[in-house]
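Residues: numbered from 1 along the sequence shown.
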Amino acid sequence: MKRFLEVTGFLLALFGVAGVVRELTGGWFSFLGATRFLTEHVGFLEGRELFTNIVVAVLGLVLMVVSDRVPKS
């Protein structure tokens, strides 16, 4: 379970940071644009792409911190 949380947290943080960079550069940096699908296809997130990517990155960091507190199984 600990390894799963670490990997999931890392991927979320990576996708969130890549999404933030993509939004700040005007879209030319499309590397790892997985969160683009979330921000374009969910109606209430339209127009809030930068905020959504920041939240995804923070959730990834939170998962990585929580994984340190989970006992190894």
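- The hydrophobic cluster containing Ile54 also contains Leu24, counting ILVMFWY residues as joined when their side-chain heavy atoms lie under 4.5 angstrom apart, directly or transitively.
- Looking at Glu49, its side chain does come within 3.5 Å of a backbone N or O of Gly47 through a donor-acceptor pair.
- Linking Ile, Leu, Val, Met, Phe, Trp and Tyr residues whenever their side-chain heavy atoms come within less than 4.5 Å leaves Val65 and Leu5 in two separate clusters.
- Proximity of Asn53 to Arg22: side-chain heavy atoms (C-beta onward) are separated by under 4.5 Å at one or more points.
- Both Val66 and Val58 belong to a single network of hydrophobic side chains, linked directly or stepwise wherever heavy atoms of I, L, V, M, F, W or Y lie under 4.5 Å apart.
- Both Leu12 and Leu50 belong to a single network of hydrophobic side chains, linked directly or stepwise wherever heavy atoms of I, L, V, M, F, W or Y lie under 4.5 Å apart.
- Each of Leu59 and Phe10 belongs to its own hydrophobic cluster when Ile, Leu, Val, Met, Phe, Trp and Tyr are linked at side-chain heavy-atom distances under 4.5 angstrom.
- Of the inter-residue distances, the one linking Asp68 atom CG with Leu63 atom CG reads 11.5 Å to the nearest 0.5 angstrom.
- Considering every non-hydrogen atom in both Glu6 and Met64, the closest pair reads O-CG, 4.1 Å.
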